[in-house]
Amino acid sequence: MKFLLSFILVWFAFIEPVIAQENTAYKTSEIVKSVYNQGLKHTELDFYAGTLMLHGISEFSLLPGNEDLQKDVVNKYLKFSNGEIKAKGSLFTYEAGGSGAAFLAYKGITNTLDDQVAKAASKLMKDQKRSPEGLITANFATDDKIFIDVAFTVTPFLLYSGLKEGNQAYIDMAVTETLELFKILKDNKTGLLHQARGFNGKGSISEDNWSRGNGWGAFALAILARDLPESHPKHQEVIELAKQFFLATLKYQNKEGLWNQEMTDKSSYVETSGSGLILYGLGIMLEKNLLEPKYMQNFKLGLQGYTSYIGTDGSVSHTCFSCLAPNKGTKNDYKLRPWVFNDHHAFGPAILAFSQAAKMGITTIIPLDRMGVYSIVDSPKAVRTYMKFDRGSDVAWENDRIAYRVYGSSVRAKVGNGIDVWTKKVDYPIIDNWYKLNAEGKDYHTDRGEGCDFYNMGKLRGCGAIAIWIDNKPYPSETFDTYKFLKNQTDGIALQLNYLTWSVPGMKIEEKKIIEMGLGTNLFKVTSTLKSDQERELVIAVGITSYGKPEIIKNKKKATLTIWENTSPEHGSIGTAVLVNPKDFVGYASYAGDEYVLVKVKTNVPFVYYSGVGWDQTKYFRQKQDWFKYVEKESKKLKFIDETKIYK
């Protein structure tokens with residue numbers, strides 16, 4: 001018995017720290033602050049997503065101990081009035097900094113915001129576009145277009161402006177806006193909301209129950225339930241609607257306490273921005289005793305589950321990219337909208353949800369799993385291959401080591417058929433994030449810790465594009481004309497590119513190029529077929545673009561061309577290589593900035609070669625010898641066989 005007791009005590013002494021680690025409690029206020037600080041890096045305050053974030057931090061700033069934060073937030077709002085921040089967007093509320101500015105003015109925290117809030121409210125009532133039934137809508141909305149998103153910016157702003165100024169017309173419009181939007185967009189089957197009307201024909205209603213759309217409604221409705229005076233003639237109508245709506249949302253809460261992108265379909269991804277807004281509203285309903293206390297467990301579960309998507313640095317994952325009645329507005333169209341890491345919509349909802357928890361005395365959160373399980377920052381990185389078409393012109397692909405891309409006809413005036421390179425320091429996918437940076441006007445030529453795009457090829461061959469070699473001169477195609485994804489899976493990609501636009505002396509020629517790449521390699525495989533109505537033998541040139549001072553190794557026996565070159569003091573050195581079938585090898589050539597391997601091929605017969613890049617900022621290639629040895633090793637095991645029949 002003594003032995004058993006000793007064993008149990010030892011076992012607990014061993015296991016207890018592990019349990020403590022898995023059940024770490026995080027301070028609610030620290031979650032709010034970390035998300036806000038991260039949000040300031042990714043969210044433009046002059047845009048509506050920024051004003052939502054400011055509203056969240058405004059509510060949080062009222063808690064004791066946040067006096068300095070409150071001053072900073074007020075100063076940010078003042079930048080809207082003095083011109084330092086020039087608001088973008090389709091509603092006049094943004095010119096004052098959004099509903100958070102009206103909230104702080106109403107609370108009497110400062111009178112410095114009164115003037116800008118009053119001016120924006122007046123413009124909203126007098127000059128903002130209206131729907132046929134008189135609802136305030138976006139200035140770009142033609143015909144009968146309305147969408148639930150406007151409730152979040154109209155209702156709170158007018159409510160707090162009206163309460164501040166004693167203007168009943170503002171308060172009445174705040175109530176009417178949300179009640180009428182709910183009537184028009186309510187899904188009677190689920191009790192949830194559709195997002196929009198009129199975007200697929202006059203009178204059409206989108207078929208969705210989109211998470212963030214329901215979140216926008218939850219935000220506006222909960223604020224009315226909390227702050228609309230009981231004396232208002234429609235107060236009870238607001239309360240009854242709020243009870244019905246939030247109980248409806250709870251029917252679709254998932255096992256993590258969150259909501260999916262399409263709320264009625266749990267096969268769609270967990271979506272954090274809608275989840276955060278709904279949790280914020282649910283918290284208000286519980287705080288005001290408008291829902292039974294038993295639903296507190298739903299609120300707390302949501303907070304615990306939310307932490308899986310919030311990194312320890314405040315980053316937020318799984319937020320739906322910008323979305324307004326996509327395509328035909330079907331449920332599937334909404335499901336297909338991608339989620340983005342640190343999207344600018346991500347931060348405001350998280351701040352609101354956890355700020356509301358803090359106001360309710362929930363001072364710590366124990367994660368349901370662990371903090372940041374699905375965050376790039378904290379999670380084991382999702383190592384995989386990946387490929388996408390973006391910007392209406394590019395096809396990009398990547399694995400755990402490197403990324404490449406090629407260009408289509410829409411940018412033909414600027415680039416040729418070359419293969420571009422994106423150098424990576426990380427093993428998880430970066431393509432989506434870098435394209436998102438580009439779409440936001442942010443430079444992905446800057447290394448933010450993941451690597452960057454510094455490879456410059458212009459009209460040249462880049463890393464492994466081809467040209468027909470005639471009379472000591474290359475004749476390359478233009479950019480690709482069409483493409484087809486053959487395989488886009490976690491362990492490998494396959495892509496078909498068709499080059500139809502090609503000026504070659506004495507013949508008409510097209511190329512079908514199939515590119516394949518798996519994990520754990522810097523090389524991609526190319527199977528190319530030169531299509532022609534003439535059966536003939538050609539010499540083709542597979543090219544590598546040089547920065548001007550390359551160190552070149554030519555191995556005729558193995559038919560490889562290997563280069564190491566310092567690109568710049570900032571970006572370091574890269575290694576490039578082309579490996580062709582030795583039995584078809586003809587020789588080497590240089591032309592106008594490209595180094596070439598020459599290969600004998602036949603029209604209408606597939607031929608295979610490999611190309612790739614290594615970078616000295618990764619663990620694999622610290623110096624040139626690492627790259628040279630890698631290429632030599634790979635050359636011994638590569639197969640120059642057409643295996644593309646598996647895609648037919």
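We number each residue from 1, following the sequence as shown.
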- Message: Under 3.5 Å, is there a donor on one side chain and an acceptor on the other for Y334 and E207?
- Response: no
- Query: Where does the angle between the aromatic ring planes of W339 and H318 fall among parallel (under 30°), tilted (30 to 60°) and perpendicular (over 60°)?
  - Reply: parallel
- Message: Below 30° counts as parallel, above 60° as perpendicular, anything between as tilted: where do the rings of F354 and Y306 land?
- Response: tilted
- If only atom types and distance count, is the side chain of D394 paired as donor or acceptor with the main-chain N or O of A396 below 3.5 Å? no
- Heavy-atom closest pair, residues I430 and V426: CG2-CG2, 3.7 Å
- Message: According to ring pair (Phe, Tyr, Trp, His ring centres under 6.0 Å), who are the partners of F47, at least two apart in sequence or on a separate chain?
- Response: H344
- Message: Tell me if a side-chain donor or acceptor on Q38 pairs with a main-chain N or O of D313 at a distance below 3.5 Å.
- Response: yes
- Query: Judged by atom type as modelled, is there a donor-acceptor pair below 3.5 Å linking the side chain of S211 to the main-chain atoms of W259?
  - Reply: no
- Closest non-hydrogen atoms of G213 and L193, given as atom of the first, atom of the second and distance, are O-CD1, 4.3 Å
- Task: Kindly say whether L62 contributes a backbone atom to a donor-acceptor pair with the side chain of N66 at under 3.5 angstrom?
- Result: no
- More than 12 foreign heavy atoms under 6.0 Å from NZ of K71: is that the case here? no
- Rounding to 0.5 Å, atoms NZ (K335) and CG (D208) come to a distance of 13.0 Å
- Under 4.5 Å between any side-chain heavy atoms of E133 and I184, yes or no? yes
- Check the pair E450, W434 against side-chain contact (heavy atoms from CB on, under 4.5 Å), reporting the backbone distance first and the verdict last. CA-CA 10 Å; E450 295 178 320; W434 291 12; 3.1 Å; yes
- Would you please name every residue forming a side-chain hydrogen bond (donor to acceptor under 3.5 Å, both in side chains) with E230, sequence neighbours left out? none
- Kindly say whether M263 contributes a backbone atom to a donor-acceptor pair with the side chain of N260 at under 3.5 angstrom? no
- Query: Any idea which heavy atoms bring S355 and G56 closest together, and the distance?
  - Reply: OG-O, 3.8 Å
- Message: Do L224 and L159 make a side-chain contact, defined as non-hydrogen atoms from C-beta onward lying under 4.5 Å apart?
- Response: yes
- Under a 4.5 Å cut-off applied to non-hydrogen side-chain atoms, are T155 and L181 in contact? no
- Query: Counting heavy atoms not belonging to K266, are there more than 12 under 6.0 Å from its NZ?
  - Reply: yes
- With sequence neighbours left out, the residues meeting salt bridge (Lys or Arg N to Asp or Glu O under 4.0 Å) with D432 are K388
- Task: Please check if the side chain of N139 supplies one atom and the backbone of K129 the other of a donor-acceptor pair under 3.5 Å.
- Result: yes
- Whether over 12 other heavy atoms sit under 6.0 Å from K27 NZ: no
Could you give the side-chain donor-acceptor pairs of residues 285-301 under 3.5 Å, partners two or more places apart or in another chain?
{"unit_1": "E287", "atom_1": "OE1", "unit_2": "Q356", "atom_2": "NE2", "d": "2.9"}
{"unit_1": "N298", "atom_1": "ND2", "unit_2": "Q253", "atom_2": "OE1", "d": "2.8"}

- Query: Stepwise, does the side-chain contact (heavy atoms from CB on, under 4.5 Å) test hold for I109 with F103?
  - Reply: CA-CA 9 Å; I109 300 304; F103 173 76; over 6 Å; no
- Message: Could you tell me if the side chain of L91 sits less than 4.5 Å from the side chain of I136, heavy atoms only?
- Response: yes
- In short, S61 meets L104 closest at the heavy-atom pair OG-CD2, 4.3 Å
- Within the distance-only criterion (no hydrogens, no angle test), does the side chain of S34 pair as donor or acceptor with the backbone N or O of I31 below 3.5 angstrom? yes
- How many angstroms lie between NZ in K164 and CG in D114, if you round to the nearest 0.5 Å? 4.0 Å
- Query: Can you find a heavy atom in the side chain of E271 that is under 4.5 Å from one in the side chain of R337?
  - Reply: no
- Could you tell me whether a side-chain N or O of Q116 sits under 3.5 Å from a main-chain N or O of Y77, the two making a donor and an acceptor? yes
- Can you tell me if S206 uses its side chain to pair, donor with acceptor, with the backbone of A196 under 3.5 Å? yes
- Take D443 and T446 through the side-chain hydrogen bond (donor to acceptor under 3.5 Å, both in side chains) test and state the conclusion after the steps. CA-CA 6 Å; D443 186 7; T446 299; 3.2 Å; yes
- Are the charged groups of K331 and E262 less than 4.0 angstrom apart, N to O? yes
- What's the spacing between L135 CG and T178 OG1 if we round to 0.5 Å? 9.5 Å
- Query: Are any of the side-chain heavy atoms of I57 and M53 separated by less than 4.5 Å?
  - Reply: no
- Message: With rounding to the nearest 0.5 angstrom, report the CD to CG distance, Q244 to L221.
- Response: 9.0 Å
- Counting distance only, does the side-chain N/O of Q261 pair as donor-acceptor with the main-chain N or O of C320 below 3.5 Å? no
- Message: Is there a side-chain contact between L279 and L258 in this structure, where contact means two heavy atoms from C-beta onward sitting under 4.5 Å apart?
- Response: yes
- Measure the spacing between CD of Q195 and CD1 of I148 and express it to the nearest 0.5 Å. 9.0 Å
- Task: Enter the distance from I278:CD1 to F245:CZ here, rounded to the nearest 0.5 Å.
- Result: 6.0 Å
- Query: Looking at D46 and K88, does any basic side-chain N land under 4.0 Å from a carboxylate oxygen?
  - Reply: yes
- Message: Please find the pair of heavy atoms, one from A357 and one from T28, that lie closest to each other, and give the distance.
- Response: CB-CG2, 4.1 Å
- Message: Evaluate Y280 against I223 for side-chain contact (heavy atoms from CB on, under 4.5 Å), listing each step before the verdict.
- Response: CA-CA 10 Å; Y280 166 75; I223 282 177; 3.7 Å; yes
- Partners passing ring pair (Phe, Tyr, Trp, His ring centres under 6.0 Å) against F157 (at least two apart in sequence or in another chain): none
- What's the shortest heavy-atom distance between L52 and P349, and which atoms? CD2-CD, 3.6 Å
Could you pull out all donor-acceptor pairs under 3.5 Å where a side-chain atom in residues 93-102 meets a protein atom, sequence neighbours excluded?
{"unit_1": "T93", "atom_1": "OG1", "unit_2": "T153", "atom_2": "OG1", "d": "2.5"}
{"unit_1": "E95", "atom_1": "OE1", "unit_2": "K123", "atom_2": "NZ", "d": "3.0"}
{"unit_1": "E95", "atom_1": "OE2", "unit_2": "K123", "atom_2": "NZ", "d": "3.4"}
{"unit_1": "S99", "atom_1": "OG", "unit_2": "H55", "atom_2": "ND1", "d": "2.7"}

